[in-house]
Amino acid sequence: MADYKPTLNLPKTDFPMRGDLTKREPQCLDHWLQTKLYQQLRQARAGAQTFILHDGPPYANGNIHIGHAVNKVLKDIIVKSQTLNGFDAPYVPGWDCHGLPIELAVEKSKGKAGRQVDATEFRQACREYAQQQVNQQREDFKRLGVLGDWDQPYLTMNYQTEADTIRALGKIIANGHLEKGAKPVHWCTDCGSALAEAEVEYDNKQSLAIDVRFTVLEADAMLARCHAPGTGGQGPISVVIWTTTPWTLPANQAVALHPALEYVLVECAGEYGTERLVLAEALLKDAMCRYNIDHYRVVGYCKGEALEGLLLQHPFYEREVPVILGEHVTTEAGTGAVHTAPGHGQEDYVVGKKYHLPVHNPVGGDGHFLADTPLFAGEFVFKADRKVIEVLKAKGKLLREKIITHSYPHCWRHKIPIIFRATPQWFISMEKAGLRQQAMAAIETVNWLPDWGKERIKGMITNRPDWCVSRQRNWGTPIALFVHKHSGNLHPNSLALLEKVAQKVEQAGIEAWFSLDAQELLGEEAQDYEKLKDTLDVWFDSGVTHTAVVQQQLGLALPVDLYLEGSDQHRGWFQSALLTAVAMYGSAPYKAVLTHGFTVDADGRKMSKSLGNVVEPQKVIKTLGADILRLWVSATDYRTEMNVSDEILKRIADAYRRLRNTARFLLANLHDFDPAQHLVQPQDMLALDRWAVDRAYRLQQEVIKAYDGYGFHQVYQKVHQFCAVDLGALYLDIIKDRQYTVQTEALARRSAQTALYHIVEALVRWLAPILSFTADEIWQHIPGQRTPDSVFLATWYTGLFSLAETETMNPAFWQQVFVVREAVSKELEKLRVAEQIGSSLDAEVNIYCEGAVFECLNALNEELRFVLMTSAAKVYALAEKPDAAVTVGEFALLAKASSHTKCIRCWHHSADVGSHAEHPELCGRCIENIGIGEQRRYA
RNA sequence: GAAAGGAUAGCUCAAAGGUAGAGCAACUGUCUUAUCAACAGUCCGUUGGAGGUUCAAAUCCUCUUCUUUUCUCCA
């Protein structure tokens with residue numbers, strides 16, 4: 001048997017079938033670095049319309065997890081697709097570098113600032129630690145294939161940025177939003193400082209629980225407010241509170257009731273004679289039992305809201321305190337009446353604010369009552385509990401005392417119980433200069449994606465308290481203000497001073513403030529002013545990057561096009577950016593805000609070490625490659641939770657192989673194609689090839705639309721389907737015969753190659769934002785002069801064209817043909833099962849039809865068999881249909897094994913095999929093709 | 001405890017009141033000219049559950065389960 005294989009034009013390529021991504025991707029990254037791809041891109045797009053995605057800075061601590069990877073990849077897909085749109089879309093990644101977690105990490109190695117190590121040295125260590133964390137995270141982000149200005153990222157600890165953060169504060173002060181106040185914070189009496197949430201741990205503590213009478217000042221006024229069917233009883237009336245922190249009573253400013261709870265007025269005989277008590281009805285029995293009172297009677301009742309504003313006598317001070325209402329009051333324990341000391345409790349503070357109660361804190365930093373505190377001056381708070389009880393007893397206000405054990409916050413370092421203590425703080429007021437209302441208006445100007453994000457942030461802005469921006473910390477942007485020692489007022493020249501400080505910080509970083517001698521700026525006045533030691537909340541640092549980074553460092557205009565972060569950032573960055581922007585210049589810093597959900601496992605549970613369901617991006621990259629991770633990100637609808645597991649990634653890897661192999665096949669069939677010489681003009685191309693280009697043309701419009709709408713999973717679905725169905729199952733399968741068997745230079749072949757060429761040019765661009773590494777690799781293998789050098793410098797391919805409806809063989813025509821093809825396929829399968837044929841080329845088929853179907857099939861003439869991939873395909877009128885034919889819809893089919901001999905070169909069965917003496921195993925078509933060449937017109 | 005989002009085939013996604021549909025996977029074959037590939041055929045669903053509105057519900061309403069995020073987490 002002669003070997004005709006060398007006479008075929010078989011596919012040939014260096015583009016490997018296997019991705020080998022774990023090896024190839026790092027090389028690709030090196031190449032991008034060496035060619036300064038990012039810088040090239042900036043030059044190439046200079047002057048083009050911009051698209052600015054402003055990066056939200058991850059916190060510079062710890063390894064990146066899958067959530068970071070999702071966020072960065074989504075950003076990268078957007079930036080790359082917008083670049084393909086022709087926009088100048090710079091991407092400058094950033095890091096959030098100040099703050100507590102870094103301080104805590106440094107404390108572990110260096111010790112606490114001001115104790116084992118001085119504050120300056122401590123801050124330097126924080127700076128170094130943060131930089132090292134940035135470096136580590138940066139390597140992981142780069143490995144994901146994210147294209148950005150990694151050499152010049154923005155860091156909130158850059159001197160310039162620190163200075164501009166201070167200037168941002170100045171602007172907010174100038175606009176009248178900053179306010180001094182006091183707020184209770186966790187306070188360790190041993191540390192002598194405030195503790196952050198992360199420094200607090202809960203443990204059991206024994207406390208004295210007491211029930212205390214707050215006597216109603218005007219009994220008549222009280223009775224007038226409630227239903228008292230009889231006489232209303234006898235004796236003094238007291239509202240009873242229950243507390244586990246007796247030492248907070250000196251700071252009491254009110255008693256809180258729940259507005260909707262039912263309260264009762266009970267007459268009973270106590271140790272001081274007949275009296276009346278006010279309690280929540282639901283707790284009446286419990287309370288009476290606790291007080292050992294057997295005989296009592298309800299003499300009146302009312303809802304809590306009826307008592308609002310009623311005045312009570314403080315149990316041991318000459319102070320009148322009001323009844324206030326709070327939703328936080330419950331009936332789980334106590335009396336339904338809550339002792340309220342805004343200086344000693346978060347909730348009391350919040351509700352107190354509503355009623356304009358004074359925030360009174362009589363306790364010093366060492367936990368001892370201040371010298372001007374009547375009765376308890378100098379006492380340590382927890383020791384004062386006993387003394388408070390003695391005083392209450394003496395005043396006849398104590399109903400009962402008992403030692404209880406309960407969960408209580410402790411200092412994680414000293415393991416001692418901590419207290420809530422109001423300390424001076426700085427706030428950005430939501431109301432003082434209309435910030436809340438302006439922010440609400442700004443929300444309306446932003447495109448929130450998905451749309452429920454708008455309601456979410458509106459709800460948060462509506463309800464949020466003033467923003468406490470001060471922290472008693474070391475590693476942070478300083479609140480660089482001077483406060484008058486006696487009046488507590490800001491220095492009248494604060495704004496000018498702030499600018500002077502900012503100039504110093506530009507040169508030497510935040511240390512310039514901490515090491516500043518006040519005299520240098522204030523001269524003689526320095527002795528009258530206190531230089532603030534507080535730092536800014538880190539959310540302020542990241543919040544103002546719209547100014548400190550976007551405007552100042554990058555010189556870009558606001559608002560930017562897009563912020564993109566996880567949905568938790570409605571509470572975080574989206575809000576801190578919005579509030580600071582509105583406070584500075586009255587409008588939102590972004591045009592649109594896009595959010596993504598969190599990654600969860602296959603069952604929708606969040607990832608945790610204890611559940612063992614954590615997917616680490618580093619591991620995925622090491623085993624499957626970054627492109628697989630990227631493909632997963634693109635394939636997943638990120639608007640809700642994103643499921644990820646080994647199985648899901650395996651499926652994604654399968655899909656990757658299909659995409660890669662499709663590209664490989666296209667390239668392999670273009671190995672001898674030079675577009676400069678061989679490209680066939682659209683009007684000269686075969687009809688089927690024009691159909692294929694038309695499919696790509698239509699798809700490209702959908703792909704671009706999907707990218708612009710940030711619907712990447714649609715891109716994935718559509719492109720994958722195109723590769724699997726339009727190309728794999730149809731077009732590529734059909735043209736193999738033409739590609740392989742006709743003459744190398746035949747129009748029939750060059751026409752198909754032209755289509756393949758157009759398609760791969762388009763495909764590589766569709767894939768580039770998602771499969772960046774693979775697309776780059778494909779780009780290198782596409783034949784012809786490649787300009788630009790990289791797919792990332794390119795714009796969408798413009799060589800595609802549509803197939804006009806007016807053509808005979810228009811898209812609808814081919815649709816009809818493929819319906820028949822599918823039916824034929826099913827018929828052939830029957831023959832195959834019956835073992836009458838193997839390959840479809842072993843069969844021939846007769847089609848009986850009329851009307852449009854007949855016209856259609858007949859138009860293809862002799863070439864119908866190539867579309868159906870049978871050795872023969874004949875079209876007859878429906879009337880001629882024999883009984884053996886199978887009817888499928890509008891037509892009927894009769895398929896049978898071919899009786900002719902198989903040509904060993906093209907595998908078609910044909911009557912003319914053997915007609916040539918020199919090539920007894922070939923058909924006439926192949927003889928032509930080895931020699932003079934076959935003519936084709938349609939398929 | 002509250003608010004918001006989500007739940008459709010083994011997986012990823014469609015279907016905006018009108019017969020639940022793709023692709024992948026699985027299974028069974030074919031080919032050996034994309035070969036650790038490709039093609040063909042087959043199978044797969046009480047749309048988380050229960051009610052309701054409607055001639056008709058994945059879709060609208062109510063309740064419920066699970067889950068995610070945020071808030072509250074307390075005298």
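Remember, it's a predicted structure, so these values are computed and weren't measured experimentally. Each chain gets a letter, A, B and so on, in the order the sequences are listed, and its residues count up from 1.
Pairing partner, B:C43: none, since no Watson-Crick or wobble contact has both distances short of 3.5 Å. The partner of B:U8 cannot be assigned: no Watson-Crick or G-U wobble pair with both contacts below 3.5 Å exists in any strand. A 3.5 Å limit on both hydrogen-bonding distances identifies B:G1 as the Watson-Crick or G-U partner of B:C71. In this structure B:A38 sits in a base pair with B:U30, meeting the Watson-Crick or G-U test at under 3.5 Å. Both distances falling under 3.5 Å, in either a Watson-Crick or a G-U wobble arrangement, occur for no nucleotide opposite B:A15. The partner of B:U59 cannot be assigned: no Watson-Crick or G-U wobble pair with both contacts below 3.5 Å exists in any strand.
Nucleic acid contact for A:V833: none, since no nucleic acid atom lies under 4.0 Å from a heavy atom of the residue. Residue-level contact check: A:A668 touches neither bases nor backbone, having no heavy atom under 4.0 Å from any strand. Counting any heavy atom pair closer than 4.0 Å across all strands shown, A:A655 reaches no nucleic acid atom. As judged by a 4.0 angstrom heavy-atom cut-off over every strand, A:S645 is placed among residues making no nucleic acid contact. Within 4.0 Å (heavy atoms only), A:G838 reaches sugar-phosphate atoms of the nucleic acid but no base atom. No contact: A:T13 has no heavy atom under 4.0 Å from any strand. A:D733 comes within contact range of the sugar-phosphate backbone alone, with a heavy-atom separation under 4.0 Å but no base atom that close. In this structure, A:R639 reaches the sugar-phosphate backbone alone: every heavy-atom distance under 4.0 Å involves primed, P, OP1 or OP2 atoms, never a base. A:G728 comes within contact range of at least one nucleobase, with a heavy-atom separation under 4.0 Å. When heavy atoms are screened at a 4.0 angstrom cut-off, A:N669 is found touching no nucleic acid atom at all. Heavy atoms of A:Q717 sit under 4.0 angstrom from at least one base atom. Residue A:G459 is out of contact with every strand shown, counting any heavy-atom pair closer than 4.0 Å. Backbone-only contact: A:K5 has heavy atoms under 4.0 Å from sugar-phosphate atoms and none from a base. Residue-level contact check: A:M869 touches neither bases nor backbone, having no heavy atom under 4.0 Å from any strand.
On a pure distance criterion of 3.5 Å, a polar donor-acceptor pair joins the side chain of A:E641 and the base of B:G5. Counting atom types as modelled, A:R651 pairs no side-chain N or O with a base atom of B:C24 as donor and acceptor under 3.5 Å. Between the base of B:A38 and the side chain of A:K736 there is no donor-acceptor pair shorter than 3.5 Å. With hydrogens and angles left out, the side chain of A:W907 and the base of B:U33 share a donor-acceptor pair within 3.5 Å. Counting distance only, with no hydrogens placed and no angle test, the side-chain atoms of A:Q739 and the base atoms of B:U33 include no donor-acceptor pair under 3.5 Å.
Nucleotide B:U32 holds its C1' atom 10 Å from the NZ atom of A:K902, rounded to whole Å. Distance, A:E455 CD to B:U70 P: 19 Å, rounded to whole Å. Taking atom CG of A:N9 as the reference point, atom P of B:A34 lies 13 Å away to the nearest angstrom. Here the C1' atom of nucleotide B:A3 and the NE2 atom of A:H570 are 14 Å apart, to the nearest Å. Atom P of nucleotide B:G23 and atom CD1 of A:I648 are separated by 21 Å, given to the nearest angstrom. With rounding to whole Å, A:F722 atom CZ is found 19 Å from B:C13 atom C1'. As a whole-Å value, the separation of A:Y638 OH from B:U12 P is 18 Å. Between A:F574 atom CZ and B:U70 atom C1' the separation is 13 Å, expressed in whole Å.
Side-chain atoms of A:T245 never come within 3.5 Å of backbone atoms of A:W247 as a donor-acceptor pair (strictly under, hydrogens ignored). A:D637 places a side-chain N or O within donor-acceptor distance of the main-chain N or O of A:R639, the cut-off being under 3.5 Å. For the pair A:W448 (side chain) and A:I443 (backbone), a donor-acceptor distance under 3.5 Å is present.
Evaluated for a side-chain contact (heavy atoms from CB on, under 4.5 Å) with A:H596, the options A:T636, A:V633, A:T640, A:L74 yield exactly one hit, A:L74.
Put simply, A:Y740 has a side-chain N or O that comes within less than 4.0 Å of OP1 or OP2 on B:A34. Dashed line: the shortest gap from a side-chain N or O of A:K826 to OP1 or OP2 of B:A40 is not under 4.0 Å. OP1 and OP2 of B:A38 both lie 4.0 Å or more from every side-chain N or O belonging to A:R660. An OP1 or OP2 oxygen of B:A22 is reached within less than 4.0 angstrom by no side-chain nitrogen or oxygen of A:H720. The phosphate of B:C39 has OP1 or OP2 within less than 4.0 Å of a side-chain N or O from A:R658.
The residues A:K458 and A:E455 are annotated as salt-bridged, a charged nitrogen and a carboxylate oxygen being separated by less than 4.0 angstrom. A salt bridge does not link A:K826 with A:E829: every distance from a Lys NZ or Arg NE/NH1/NH2 to an Asp or Glu carboxylate oxygen is 4.0 Å or more. Between A:E827 and A:K830, at least one side-chain N (NZ, or NE/NH1/NH2) sits under 4.0 Å from a carboxylate O, which counts as a salt bridge.
Nucleotides of RNA chain B nearest to A:L10 and A:V338 differ in position, and the one nearer the 5' end is that of A:L10. Heavy-atom distances to RNA chain B give each of A:W452 and A:T248 a nearest nucleotide, and the one nearer the 5′ end belongs to A:W452.
One side chain, A:R905 or A:T7, offers a donor N or O that lies under 3.5 Å from an acceptor on the other.
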